[in-house]
Amino acid sequence: PLARLDPRDYRAQVDSAEALLRQKEAELQRLQNGSREQERREARALAREAEAIVQNMRTERDRRAGLFRSGDIAREEVERAERQLEVAQARFDAATERQRLIEAAPRDEDVARAQAELALAEARAASTRLLLDKTVLHAPIDGVILRRHLRVGEVVAASQTGALQPIYTLADLSRLRVRAEIDELDVGRVDLDDPAYVTIDAYGERRFPGRVVRLGQLLGRKTLRSDNPAEKTDTKILEVLIDLDPVNDLSVRLLVGLRVQVFLPESSAP
C-alpha cells in the first residue's frame, strides 16, 4: 500500500448496504420458512372462536324467530339477530381466510421477487466494498518511487477529463528504455531487434548498447529538440523504443528522463 484515501464516507456506504443485505436475507428466509407455529395456533384459535360465535348467533336468530311467530317479540328483534349473524359470519370467513393464508406455502412469484431483491442488495454491497477497497492505493509493480506529488491531508481532485491527479510517480528501474524519434526518410532502414547504442553527455564517448524492441505504427510531429538552432521542426518522425542492456558499473547512474543521443549502426544515422 502506498496511500490511503479518507474511507469514512465509503465505510458508511458499506455499512448501509450490508444492513440492507441482512434485511433482505431475513425477509427471504421468513418467506421460505412460512409463519411461525405460534401464529398458526393463534389463527386456528381465532377461526374456532369466530365459528363458535356464528353458531351462537344462528341459535339466537332461530330462538327469536320462534318468539316472533308466537307473538312475544317484534319483527325488529328478529331482523337485529339476522344482522348480527351476518356480521359474525363475515368475521368467521375473514378468520378462515387468514388461517389459510398463514398456513399456505409462499407463492413462487413472492419468492422470486424476494430473491431478486436479495441479489440486488448483494450487488450493491459488493459495489460499495469495491469502492472502499479502492481507497487504498497499491503499487501496481515492483519498482521505485521517483516522486511524491501529494502530501498527507491534501485533496485528490479529478480533471475535466475525469482522470485523477497523480499521487506518486513509480517506475521499474530494472530495465531502462529509450524513446527515440526516427526521421521519416530513415524509417525503412530500421527494424525490430536492430542493435543500437546511446551516448550521454555526462559520460563522454562511452556507449551504452541496446536493441530496438518496438516500432511505432504512425508518423507524427517531432517532439524532441536538440540544441542545434538549424534543426528542422516540421519533420515527420516515427517513434522507436530501445531497451538498453543492463549496466553493471556502479559508478554510472542512468536517470529516468535523461536526454541521450541514439545511434543505429546499421543505418549509420543518429
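As the structure is a prediction and not an experimental result, all values here were calculated from the model. We count residues from 1, following the sequence as given.
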Do Leu118 and Leu21 have side-chain heavy atoms sitting under 4.5 Å apart?
yes
Distance-only donor-acceptor check, side chains Gln13 and Asp9, under 3.5 Å
no
Is there side-chain contact between Leu146 and Val256, with at least one heavy-atom pair below 4.5 Å?
yes
Is Val155 linked to Leu137 within one hydrophobic cluster, defined over Ile, Leu, Val, Met, Phe, Trp and Tyr using a side-chain heavy-atom separation of less than 4.5 Å?
no
With rounding to the nearest 0.5 angstrom, report the CG to CG distance, Leu192 to Leu241.
10.0 Å
Steps toward salt bridge (Lys or Arg N to Asp or Glu O under 4.0 Å) verdict (Glu122, Lys24)
CA-CA 9 Å; Glu122 290 174 341; Lys24 296 302 179 182; over 6 Å; no
For Gln115 and Leu28, what are the C-alpha separation, side-chain angles and deciding distance, and is it a side chain to side chain contact (heavy atoms under 4.5 Å, CB included)?
CA-CA 7 Å; Gln115 289 173 337; Leu28 177 60; 3.9 Å; yes
When you compare the side chain of Pro209 with that of Leu244, does any pair of heavy atoms fall below 4.5 Å?
no
Sub-3.5 Å donor-acceptor pair from the side chain of Tyr10 to the main-chain atoms of Leu5, do we have one?
no
Nearest heavy-atom neighbours spanning Pro1 and Val136
CB-CG1, 3.9 Å
Taking atom CG of Asp93 and atom CZ of Arg98, what is their separation to the nearest 0.5 Å?
15.5 Å
To the nearest 0.5 Å, what is the distance between CZ on Arg11 and CD on Glu18?
10.0 Å
Can you find a pair of side-chain heavy atoms, one from Thr135 and one from Asp6, that are under 4.5 Å apart?
no
Non-hydrogen atoms of Arg221 and Ile237 that approach each other most closely
O-CG1, 3.7 Å
Is any side-chain heavy atom of Glu239 less than 4.5 Å from a side-chain heavy atom of Arg179?
yes
Should the pair Arg207 and Tyr197 be classed as cation-pi, given the thresholds of under 6.0 Å to the six-membered ring centre and 45° from the axis?
yes
Could you give me the CA-CA distance, side-chain angles and deciding distance for Glu51 and Arg48, then say whether salt bridge (Lys or Arg N to Asp or Glu O under 4.0 Å) is met?
CA-CA 5 Å; Glu51 183 180 14; Arg48 289 195 298 270; over 6 Å; no
If you count every heavy atom of other residues, nucleotides or ligands that lies below 6.0 Å from Arg175 atom CZ, does the total exceed 12?
no
Would you list the pairs meeting salt bridge (Lys or Arg N to Asp or Glu O under 4.0 Å) in which at least one residue belongs to residues 70-85, sequence neighbours left out?
Arg61-Glu82, Arg64-Glu77, Glu77-Arg80
Any sub-3.5 Å donor-acceptor pair from Arg147's side-chain atoms to Thr169's backbone N or O?
no
Taking all non-hydrogen atoms of both residues, which atom of Ala95 and which atom of Ala47 are closest, and how far apart?
CB-CA, 3.8 Å
Starting at CG of Asp193, measure out to CG of Leu215 and round the result to the nearest 0.5 Å.
10.5 Å
So if I apply the side-chain contact (heavy atoms from CB on, under 4.5 Å) rule between Leu258 and each of Val178, Asp201, Leu176, Ile200, which one comes out positive?
Ile200
Test item: Phe263 and Val198 side chains (from C-beta on) under 4.5 Å apart, heavy atoms
no
Assess whether atom CZ of Arg113 is packed by more than 12 heavy atoms of other residues, nucleotides or ligands within 6.0 Å.
no
State whether a side-chain donor-acceptor pair under 3.5 Å links Gln29 with Glu25.
no
Minimal heavy-atom distance between Leu170 and Ile145, with the atoms involved, is CD1-N, 3.6 Å
Report yes or no: does Thr128 contribute a side-chain atom to a donor-acceptor pair with the main-chain N or O of Arg124 at less than 3.5 Å?
yes
Derivation and outcome, salt bridge (Lys or Arg N to Asp or Glu O under 4.0 Å), residues Asp243 and Arg211
CA-CA 6 Å; Asp243 276 357; Arg211 288 192 174 275; over 6 Å; no
Do you know which two heavy atoms are closest between Ile167 and Ala3, and how far apart they sit?
CG2-CB, 4.3 Å
Using a side-chain heavy atom cutoff under 4.5 Å and only I, L, V, M, F, W and Y, what cluster partners does Leu85 have?
Ile53, Val54, Met57, Phe92
If the threshold is 4.0 Å, N to carboxylate O, is there a salt bridge linking Arg63 and Glu60?
yes
Are Tyr203 and Val252 packed together at the side-chain level, in the sense that at least one heavy-atom pair is separated by less than 4.5 angstrom?
yes
Would you call Asp186 and Leu264 a side-chain contact if the rule is heavy atoms closer than 4.5 Å?
no
When rounded to the nearest 0.5 Å, the distance separating CG of Asp245 from CZ of Phe208 is 11.5 Å
Would you say that more than 12 heavy atoms from the other residues, nucleotides or ligands in this model lie under 6.0 Å from the CD of Gln217, or not?
no
Within the side chain of Thr59, is there an N or O that forms a donor-acceptor pair under 3.5 Å with the backbone of Gln55?
yes
Check Val262 against Ala180 and note the closest heavy-atom contact, atom names and distance.
CG2-CB, 3.9 Å
Should Arg206 and Asp249 be marked as a salt bridge (Lys or Arg N to Asp or Glu O under 4.0 Å) after you check the CA-CA gap, both sets of side-chain angles, and the distance that decides it?
CA-CA 12 Å; Arg206 180 170 180 174; Asp249 189 348; 3.0 Å; yes
Check whether any side-chain N or O of Asp194 sits under 3.5 Å from a backbone N or O of Asp191 as a donor-acceptor pair, and report yes or no.
yes
Indicate if Val260 and Val190 have the same hydrophobic cluster label, given that clusters are the connected sets of ILVMFWY residues with side-chain heavy-atom separations under 4.5 angstrom.
yes
Using 0.5 Å steps for rounding, measure from the CG atom of Leu173 to the CG atom of Asp142.
12.0 Å
Taking atom CZ as the centre, does Arg129 end up with more than 12 heavy-atom neighbours from other residues, nucleotides or ligands that are less than 6.0 angstrom away?
yes
Are Leu131 and Val14 linked, directly or through other ILVMFWY residues, by side chains that come within less than 4.5 angstrom of each other?
yes
Would you find a donor on one side and an acceptor on the other, under 3.5 Å apart, between the side chain of Tyr168 and the backbone of Leu2?
yes
